[in-house]
Amino acid sequence: SVAVDAHGKVFAGTSQGLAEYDHGEWIRSTDYDGPVKLIAPHDGNLVGVGGGALYELENGQPTLLAQLPEVAADPVDQHCLSGGQRILLGTSAGLFELKDSVFTAVASLDTLLGDDKEIRQIAVAENGQAAVAAAAGLFVSQPEGVWEALHPHDGKRSWAPRDVRSVAFDSRGRLWFASPQGVGRCDKDGWKLFTAQDGLPYDDFTLMAPGENGAVWFGTRIGAIHFDETTWEYRMAPRWLPGNVIRSLPVSANGNASFATEKGGGLLAR
């Protein structure tokens with residue numbers, strides 16, 4: 001995973017600890033040399049998952065925040081992490097929220113997920129609204145915590161999406177999601193759905209991220225996609241990226257996108 005902190009510093013979670021990109025090279029950020037599966041911005045610092053626990057990282061020093069739920073102790077079951085107003089952990093066993101130094105299952109969402117509880121990505125809007133991309137579908141909660149399933153519709157198109165891969169709120173507060181059916185965006189006027197017929201280049205998504213001025217990035221298993229509501233831009237390795245499987249994709253305020261791939265980290269500058 002890759003994350004950019006409030007100061008613009010780029011960090012990478014790797015199989016051998018946390019690394020920081022400094023003056024053109026990667027350096028070890030802490031003495032911990034075990035795997036760091038997930039990292040995310042949090043209150044000007046970072047939070048990270050490693051060694052079966054959640055830590056806050058300030059000036060390279062980790063502080064233990066909580067042990068992970070037993071059902072998510074294996075890194076293979078840890079899928080996504082969100083910091084900020086709410087610390088949320090997405091796993092193979094559902095969504096967990098950090099409350100009073102303990103990860104607690106989000107019961108109202110758990111009921112909606114049914115038997116397939118895998119969470120792929122989490123997004124939290126500035127007003128506290130949360131959304132998750134899940135194997136079972138697309139779900140959102142209001143700031144007070146009530147969850148519901150969404151069924152996007154756009155004219156004659158009406159989807160009940162499953163196998164939802166990614167979700168994000170863009171810089172204008174609009175909700176986006178991506179699934180093998182296509183991409184959707186929701187604003188005050190309703191849903192707009194995009195498929196290959198609308199220019200979508202590829203649909204085997206891994207995650208997504210908000211970009212500059214309402215633009216969004218999509219990570220896929222063969223490259224990355226940038227969409228600014230007018231133009232679809234498709235970027236593949238080796239010219240644009242180190243590798244094609246996009247595992248993490250933070251975007252800075254100026255539109256620069258960092259990538260974690262199966263062949264290392266990369267940067268695309270706007």
Side-chain angles (χ1 to χ4, degrees), residues 1 35 37-38 40 47 49-50 52-54 66-83 86-100 102-125 128-154 157-169 175-186 191 193 195 202-209 218-221 245-249:
S1 57
K37 179 67 181 289
L38 303 169
V47 285
V49 168
L54 176 77
Q67 296 294 323
L68 298 188
E70 186 175 343
V71 293
D74 191 327
V76 74
D77 293 316
Q78 302 157 10
H79 298 310
C80 48
L81 178 67
S82 174
R86 304 164 66 181
I87 295 181
L88 298 167
L89 175 68
T91 77
S92 298
L95 184 68
F96 295 83
E97 182 167 6
L98 185 66
K99 292 183 176 180
D100 299 324
V102 176
F103 274 110
T104 304
V106 180
S108 58
L109 176 60
D110 196 64
T111 300
L112 294 174
L113 293 174
D115 294 332
D116 200 345
K117 301 189 183 302
E118 181 181 349
I119 305 294
R120 274 78 178 272
Q121 192 171 15
I122 305 162
V124 180
Q129 183 183 24
V132 298
L138 174 66
F139 303 90
V140 299
S141 81
Q142 299 307 318
E144 60 271 17
V146 179
W147 286 86
E148 62 178 330
L150 294 185
H151 301 97
H153 58 88
D154 176 11
R157 297 177 181 177
S158 182
W159 295 351
R162 292 186 62 85
D163 189 18
V164 179
R165 306 288 181 80
S166 54
V167 65
F169 290 97
L175 174 65
W176 292 76
F177 79 95
S179 74
Q181 288 171 281
V183 167
R185 182 197 70 214
C186 185
W191 284 98
L193 302 176
T195 67
Y202 190 59
D203 59 11
D204 193 1
F205 300 101
T206 55
L207 48 83
M208 65 183 300
F218 302 91
T220 79
R221 297 187 190 282
V245 181
I246 309 301
R247 296 174 173 174
S248 187
L249 172 53

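In this structure Phe96 satisfies the ring-ring contact (aromatic ring centres under 6.0 Å, His included) test with no other residue, sequence neighbours excluded. The side chain to side chain donor-acceptor pair (under 3.5 Å) test applied to Arg185 returns Glu229, not counting sequence neighbours. Scored by the salt bridge (Lys or Arg N to Asp or Glu O under 4.0 Å) test, Lys117 finds Asp110 as partners (sequence neighbours excluded).
The heavy-atom pair separating Leu113 from Ala136 by the smallest distance is O-CB, 3.6 Å. Closest approach of Leu193 and Gly184 over heavy atoms only: CD2-CA, 3.8 Å. Residue Leu81 comes nearest to Val47 through the heavy atom pair CD2-O, 3.8 Å, listed as atom of the first residue, atom of the second, then distance. The nearest pair of heavy atoms linking Trp176 to Val183 is CE3-CG1, 3.7 Å. Summarising the geometry of Leu150 relative to Pro161, their closest heavy-atom pair is O-CD, 4.0 Å, with the distance given to 0.1 Å. Nearest heavy-atom pair, Ile119 versus His79, reported as atom, atom and distance to 0.1 Å: O-CB, 3.2 Å.
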Open item on the list: Walk me through whether Ser1 and Gln78 qualify under side-chain contact (heavy atoms from CB on, under 4.5 Å).
Closed with: CA-CA 12 Å; Ser1 57; Gln78 302 157 10; over 6 Å; no
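Counting only heavy atoms from C-beta outward, the side chains of Thr206 and Arg221 approach each other to under 4.5 Å. Proximity of Arg157 to Pro152: side-chain heavy atoms (C-beta onward) are nowhere separated by under 4.5 Å. Side-chain contact between Phe177 and Phe205 is absent, with no heavy-atom pair separated by less than 4.5 Å. For the pair Leu88/Glu97, a side-chain contact is recorded, criterion being any heavy-atom separation below 4.5 Å from C-beta on. Looking at heavy atoms from C-beta onward, Leu95 lies out of side-chain contact with Phe139 at the 4.5 angstrom threshold. By the 4.5 Å heavy-atom criterion applied to side chains, Ser179 and Leu138 are not counted as neighbours. Taking 4.5 Å as the limit, every side-chain heavy atom of Asp163 sits out of range of all side-chain heavy atoms of Gln181. Within the 4.5 Å cutoff, side-chain heavy atoms of Val140 are placed close to those of Glu148.
Side-chain polar atoms of Ser158 and His151 form no donor-acceptor pair below 3.5 angstrom.
Separation of atoms CD (Gln67) and CG (Leu54) is listed at 10.0 Å; rounding is to 0.5 Å. With values rounded to the nearest 0.5 angstrom, Asp74 atom CG is found 11.5 Å from Thr91 atom OG1. Residue Asp154 holds its CG atom at 8.5 Å from CH2 of Trp159, rounded to the nearest 0.5 Å. Between the NZ atom in Lys37 and the CG atom in Asp77 there is a gap of 8.0 Å [rounded to 0.5 Å]. Phe218 CZ to Leu249 CG: the interatomic distance, rounded to the nearest 0.5 Å, is 10.0 Å.
A salt bridge does not link Arg165 to Asp203: none of the charged side-chain nitrogens sits closer than 4.0 Å to a carboxylate oxygen.
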